[in-house]
Amino acid sequence: MLKKRTGLILVISAPSGSGKTTLCKRFLQVSSSFTFSVSFTTRPSRKNEIEGVDYYFVSEEEFKKMIMDEEFVEWATVHHQLYGTSTRFLEKAIELEKNVILEVDVKGGVQIKKSYPQAILVFLLPPSWQELQKRLKKRGTESDKKIKERVNRAREETKYAPAYQYFIVNNDVNEALKDLLSIIEAERCRLDEKQKSKLTDLLSK
Ligand code: 5GP
């Protein structure tokens, strides 16, 4: 029998404040076959964040050593802090044909697609820049200056959206989740090269 695809690499990118973390958490609650790729960062943890669940929080020195040891598939400086995706984790997940979800910035997403062309890139957009600013203020974790910086960066990041295969406008998290689940279902049914050769085999029997 031809099985649906597994071993999906799903990359979600979005300007901060677009509701990406909430969407990913909701997605993981209903998609138990997916594992979250926990990134490494030099950013201090926010309240409610858990070591090893949200991020691995490391010092700049440790992070730089990891770069030297080529432990990252990709890494980037975002808002003056370093963030990176573990090669070891991703390679292991691929080997076990696990479905993985990664939450990285746009440059990271583009880089992952280069290394893993099978990756599915999804860009999440806020309904408007005003709404984004409002959400960042409500979060209350950043100063006005930092919020301004994040909105400016969001505008910059959105320039990369055309490199992505899918985009979702996050007006409402339930609707955004439905969109994301539809994308996954479509991708699971899509014939990739491996599936195509299996199908050819089946048809020739
Ligand atoms: P935050 O500090 O708000 O958690 O994340 C800031 C930005 O860093 C977000 O756009 C987030 O997607 C991105 N980010 C988190 N982990 C990684 C990573 O491993 N690599 C890259 N390139 N970006 C990341």
Side-chain angles (χ1 to χ4, degrees), residues 9-28 34-60 62-67 69-93 100-116 119-126 129 132-133 135-143 145-161 163-164 166-168 170 176 180:
I9 303 174
L10 172 66
V11 176
I12 310 272
S13 298
S16 70
S18 312
K20 173 181 45 168
T21 307
T22 310
L23 178 66
C24 287
K25 285 198 171 140
R26 290 280 305 277
F27 174 77
L28 283 164
F34 274 80
T35 310
F36 181 66
S37 162
V38 181
S39 294
F40 287 78
T41 184
T42 57
R43 161 168 86 59
S45 65
R46 296 188 184 122
K47 59 173 191 236
N48 303 329
E49 283 184 327
I50 302 168
E51 164 76 20
V53 174
D54 298 286
Y55 283 105
Y56 293 108
F57 298 97
V58 294
S59 66
E60 202 173 316
E62 284 172 293
F63 197 100
K64 286 188 173 158
K65 181 166 185 319
M66 290 180 77
I67 297 175
D69 294 342
E70 298 183 355
E71 290 197 38
F72 295 123
V73 183
E74 62 74 36
W75 64 271
T77 305
V78 187
H79 311 303
H80 316 294
Q81 301 288 349
L82 300 165
Y83 295 81
T85 304
S86 158
T87 308
R88 205 179 311 159
F89 168 81
L90 205 50
E91 286 293 326
K92 188 83 198 157
V100 178
I101 179 167
L102 300 102
E103 201 192 304
V104 300
D105 84 326
V106 280
K107 284 189 186 146
V110 171
Q111 199 54 49
I112 285 168
K113 183 85 180 163
K114 260 194 207 149
S115 304
Y116 302 99
I120 307 153
L121 304 191
V122 177
F123 200 90
L124 186 68
L125 284 164
W129 300 123
L132 179 71
Q133 198 156 352
R135 287 182 191 175
L136 285 170
K137 274 201 170 146
K138 206 170 144 203
R139 192 158 81 179
T141 52
E142 269 92 21
S143 64
K145 185 172 166 257
K146 283 251 164 81
I147 289 174
K148 223 176 188 172
E149 263 175 42
R150 286 193 177 236
V151 173
N152 285 341
R153 187 184 160 93
R155 286 174 173 268
E156 276 301 305
E157 279 190 320
T158 305
K159 289 184 188 156
Y160 286 82
Y164 278 59
Y166 296 98
F167 77 95
I168 297 174
N170 192 7
L180 189 54

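For ligands, and for the atoms within them, numbers begin at 1 and follow the listed sequence. As the structure is a computational prediction, the values presented were derived from the model and not from experiment. Start at 1 with the first residue, then count along the sequence.
Residue-ligand proximity, K20 to ligand 1, at heavy-atom distances under 4.0 Å covers atoms 9 (C), 10 (O), 11 (C), 12 (O). Within ligand 1, counting atoms from 1 as listed, the ones closer than 4.0 Å to a heavy atom of R46 are 1 (P), 2 (O), 3 (O), 4 (O). Near R150, the atoms of ligand 1 lying under 4.0 angstrom from a non-hydrogen atom of the residue are 3 (O). If you number the atoms of ligand 1 from 1 as listed, the ones under 4.0 Å from a heavy atom of R43 come out as 1 (P), 2 (O), 4 (O). Heavy-atom contacts of A76 reach the following atoms of ligand 1: 22 (N) (cutoff under 4.0 Å).
Residue D105 holds the heavy atom nearest to atom 13 (C) of ligand 1 of all those in T21, I12, D105, V73.
What you find for C24 and I101 is that their closest heavy atoms are SG-CD1, 3.9 Å. Nearest approach of L132 to S18, heavy atoms of both residues: CD1-N, 3.8 Å.
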Taking only distance into account, with no hydrogens and no angle test, what donor-acceptor pairs under 3.5 Å do side-chain atoms of residues 36-45 form with protein atoms, sequence neighbours excluded?
{"residue": "T41", "atom": "OG1", "partner": "R43", "partner atom": "N", "Å": "3.0"}
{"residue": "T41", "atom": "OG1", "partner": "L82", "partner atom": "O", "Å": "2.9"}
{"residue": "T42", "atom": "OG1", "partner": "Q81", "partner atom": "OE1", "Å": "3.0"}
{"residue": "T42", "atom": "OG1", "partner": "L82", "partner atom": "N", "Å": "2.9"}
{"residue": "R43", "atom": "NE", "partner": "Y83", "partner atom": "OH", "Å": "3.3"}
{"residue": "R43", "atom": "NH1", "partner": "E49", "partner atom": "OE1", "Å": "3.0"}
{"residue": "R43", "atom": "NH2", "partner": "E49", "partner atom": "OE2", "Å": "2.9"}

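At a 3.5 angstrom cut-off on N or O pairs, F40 does not count as close to ligand 1. Looking at ligand 1, you'll find an N or O of E74 within less than 3.5 Å of one of its N or O atoms.
Remark: K20 does not engage D105 in a salt bridge, criterion side-chain N to carboxylate O under 4.0 Å. Between E149 and R153, none of the side-chain N atoms (NZ, or NE/NH1/NH2) sits under 4.0 Å from a carboxylate O, so this pair counts as no salt bridge. Taking a cutoff of 4.0 Å between a charged side-chain nitrogen and a carboxylate oxygen, R88 and E91 do not qualify as a salt bridge.
Only the side chain of Y55 comes within 4.0 Å of ligand 1, judged by heavy-atom distances. Heavy atoms of K107 found under 4.0 angstrom from ligand 1: none, in either backbone or side chain. Both the backbone and the side chain of V104 come within 4.0 Å of ligand 1, counting heavy atoms alone.
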Decide ring-ring contact (aromatic ring centres under 6.0 Å, His included) for F123 and Y160; before the verdict, give the C-alpha distance in whole Å, the side-chain angles of both, and the deciding distance to 0.1 Å. CA-CA 9 Å; F123 200 90; Y160 286 82; 8.9 Å; no
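Listed by chain and number, the residues in a ring pair (Phe, Tyr, Trp, His ring centres under 6.0 Å) with F89 amount to none (sequence neighbours excluded).
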